There are 2 protein chains.
Amino acid sequence: MMSPRTGINQEIIINKAVEIAEKGGMEAVTMATLARELSIKSPSLYNHFKGLKEVKLALALKALNLFYQYLKKATLNQKDGSEAIRAIGKAYIEFANQHPGLYEALISSPDPSSNTIQIAEEAIVDLIMEAISVSPLNEKEQIHAVRGLRSLLHGLVDLKRKGGFNLPLDFEESLEVNLEIFIKGLNEK
Amino acid sequence: MMSPRTGINQEIIINKAVEIAEKGGMEAVTMATLARELSIKSPSLYNHFKGLKEVKLALALKALNLFYQYLKKATLNQKDGSEAIRAIGKAYIEFANQHPGLYEALISSPDPSSNTIQIAEEAIVDLIMEAISVSPLNEKEQIHAVRGLRSLLHGLVDLKRKGGFNLPLDFEESLEVNLEIFIKGLNEK
DNA sequence: TACTAAAACTAATACCATTAGTTTTTGGAG
DNA sequence: CTCCAAAAACTAATGGTATTAGTTTTAGTA
C-alpha cells in the first residue's frame with residue numbers, strides 16, 4: 001500500500017515526539033533530537049513532515065486528544081453540575097501534573113487556527129460546557145463562564161509551572177478553594 | 001566612576017530589549033538582534049551580561065515593575081473591595097493587551113527563584129491581596145483567592161494569545177462576566 | 001529481474017549562543 | 001601632557017539549531 005521502502009512514518013515520529021516531550025518538555029522536541037532518538041539523520045524527517053512546526057502541530061493534536069480522553073473519563077459517572085465542575089477541575093490539574101510535557105504541547109500549538117486543532121479543542125469546551133450548563137446563567141454567559149473556568153485552570157497550571165506561587169501554601173488547596181469560589185459565583189444570581 | 005571606555009551599559013541594553021520585546025515578542029529578544037539594534041557585535045554584550053538568560057531576567061524585572069506601576073495607578077482612587085477587584089482585573093488585561101511583549105517577558109522569567117523577581121512579584125500579589133482582603137474569607141483562603149484571581153486573569157490573557165478562544169464572543173465581556181462570578185463567589189459564604 | 005518511488009543519505013546554508021583571545025579606547029595617575 | 005590599565009569593543013572559532021538541494025539506497029511491483 002505504501003510501495004517502496006517502508007521505513008519510519010508520521011505515527012512513529014509523533015509517538016517519539018510524545019516520549020521526548022514527556023521526558024524533556026517542548027524545549028526538547030527538535031528535529032535534531034527526534035532524528036537522534038529515531039537513529040536517522042534530521043533531513044530524513046522532512047520526508048514525513050514539512051518542518052518542525054508541522055511536527056508540533058501533530059503532537060499538539062495528539063496531546064489534545066489524550067487530554068480530552070482523560071477529562072472524559074473523569075466525568076463519566078453522571079454527576080450534577082457542581083460535582084462535574086469539581087471533577088473536571090481536579091482532572092485538569094492531574095493531567096497537567098502527570099504530563100507536563102503533553103500539557104505544554106497541547107497548549108502551545110504552533111497554529112491555533114488549524115481545523116483539526118479547533119475541532120479537538122471544541123470537544124473539550126463542550127465537555128466543560130455540559131458541567132456548567134446547569135447554572136442559572138443564560139447561554140452567552142455560560143460560554144463566558146466556560147472561558148473563565150478554562151482560564152482559571154490553565155492559569156493555575158501555568159503560573160505554578162513558571163514559579164509564580166511563592167508562598168508556602170498547598171497548591172491542591174488553592175485549586176479546591178477557587179473551584180468553590182467559582183461554583184458559588186456561578187450559582188448565585 | 002566607570003573609568004575607561006564608557007560605552008554601552010546594562011541600562012541601554014535592557015531599554016533596547018524592551019523595545020524589541022514590544023515590537024516582536026520574546027522570540028525576537030536574542031543576543032544577535034540586540035547586538036544588531038545596538039550596532040555592536042554580539043560577543044560585546046557579554047561584557048555586560050553573562051548571557052541571554054541574564055538579559056531576560058533583567059528584562060523580566062523591568063517588565064514586572066512597569067506592570068506593577070500600571071496596576072497601582074489603576075487602584076489608586078480608594079475603592080471598596082469589589083470595585084478594586086474590577087479595577088485590577090481591567091488594568092491587568094489592558095496592560096497585557098497594550099504590551100503583549102512585556103507581559104510575555106514578565107511571565108516567562110528564566111529564573112523564578114531569583115530574589116529580585118520574587119520581590120517584584122510580591123508587590124503585585126500584595127496589591128491584589130488588598131482588594132481581596134475585604135472578603136469574609138480567612139487569611140489562608142484569601143491567599144488562595146489571590147492565586148485564583150491571578151490565575152483567572154493570566155489564563156484569559158494566555159489562552160487568548162494562544163488562540164484558545166474560537167467562539168465569536170467578545171473577550172472584554174468574558175472578563176466582565178468572570179470578574180462578577182469571582183466577586184460573587186468570594187462574598188457568598 | 002528490473003524499474004520506480006519512497007525514504008534514507010551527504011553536503012551546504014543560515015541562523016543562533018557562547019568562549020577565547022586580541023585590539024581599541026579613554027579617564028585618571030603621575 | 002603623556003602614558004597606562006581596565007573596560008569595552010573586536011575577530012575567529014565552536015557547536016547547536018532548522019532547512020534545502022541533490023544523491024544514493026532499497027524494496028515492492030510490474
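Chain letters run A, B, ... following the sequence lines, proteins first and then strands; every chain starts at 1. Predicted model, so just to flag it, every value in this text is computed and none were measured.
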Let me know the distance between [atom1] of [X] and [atom2] of [N], rounded to the nearest Å.
X	N	atom1	atom2	answer
A:Ile20	D:dT17	CD1	P	11 Å
B:Lys41	C:dT23	NZ	C1'	15 Å
A:Met31	C:dA8	CE	C1'	14 Å
A:Met26	D:dT17	CE	P	15 Å
A:Glu27	D:dA18	CD	C1'	16 Å
A:Asn9	C:dA5	CG	P	21 Å

Review point. Are B:Ser42 and C:dA17 close enough that a side-chain N or O sits under 4.0 Å from OP1 or OP2?
Key: no
Review point. Would you say the side chains of A:His154 and B:Asp158 form a donor-acceptor pair under 3.5 Å?
Key: yes
Exercise for review: To the nearest 0.5 angstrom, please state how far the CG atom of A:Leu59 sits from the OG atom of A:Ser109.
Suggested key: 10.0 Å
Point to revise | Sorted by number, the residues of residues 45-59 of chain A with heavy-atom contact under 4.0 Å to DNA chain C | key: A:Asn47, A:His48
Side chain of [X] only, heavy atoms from C-beta on: which candidate in [options] is closest?
X	options	result
B:Pro43	C:dT19, D:dA18, C:dA8	C:dT19
B:Ile40	C:dA17, C:dA8, D:dC10	D:dC10
A:Thr33	D:dT17, C:dA17, C:dA11	D:dT17

Practice item. Considering only NZ, NE, NH1 and NH2 on the basic side and carboxylate oxygens on the acidic side, decide whether A:Glu173 and B:Lys140 come within less than 4.0 Å. Key: yes
Review point. Do B:Glu188 and B:Lys184 sit within salt-bridge range, that is, some charged N less than 4.0 Å from a carboxylate O?
Key: no
Side-chain polar contacts of residues 110-123 of chain A - donor-acceptor pairs under 3.5 angstrom, sequence neighbours left out - could you list them?
unit_1   : atom_1 : unit_2   : atom_2 : d
A:Asp111 : OD1    : A:Ser113 : N      : 3.1
A:Asp111 : OD1    : A:Ser113 : OG     : 2.6
A:Ser114 : OG     : A:Thr116 : N      : 3.4
A:Ser114 : OG     : A:Thr116 : OG1    : 3.0
A:Ser114 : OG     : A:Ile117 : N      : 3.3
A:Gln118 : NE2    : A:Pro112 : O      : 3.4
A:Gln118 : NE2    : B:Asn166 : OD1    : 3.4
A:Glu121 : OE1    : B:Asn166 : ND2    : 3.1

Review point. Do B:Arg5 and D:dA8 have a side chain to base donor-acceptor pair shorter than 3.5 Å?
Key: yes
Review point. Of all residues at least two apart in sequence or in a different chain, which pass the side chain to side chain contact (heavy atoms under 4.5 Å, CB included) check with B:Lys72?
Key: B:Tyr68, B:Leu127
Review point. Stepwise, does the ring-ring contact (aromatic ring centres under 6.0 Å, His included) test hold for B:Tyr103 with B:Tyr92?
Key: CA-CA 10 Å; B:Tyr103 185 80; B:Tyr92 192 112; 5.7 Å; yes
Exercise for review: Just call it for A:Ser44: base, sugar-phosphate, or nothing, with non-hydrogen atoms closer than 4.0 Å on any strand.
Suggested key: base
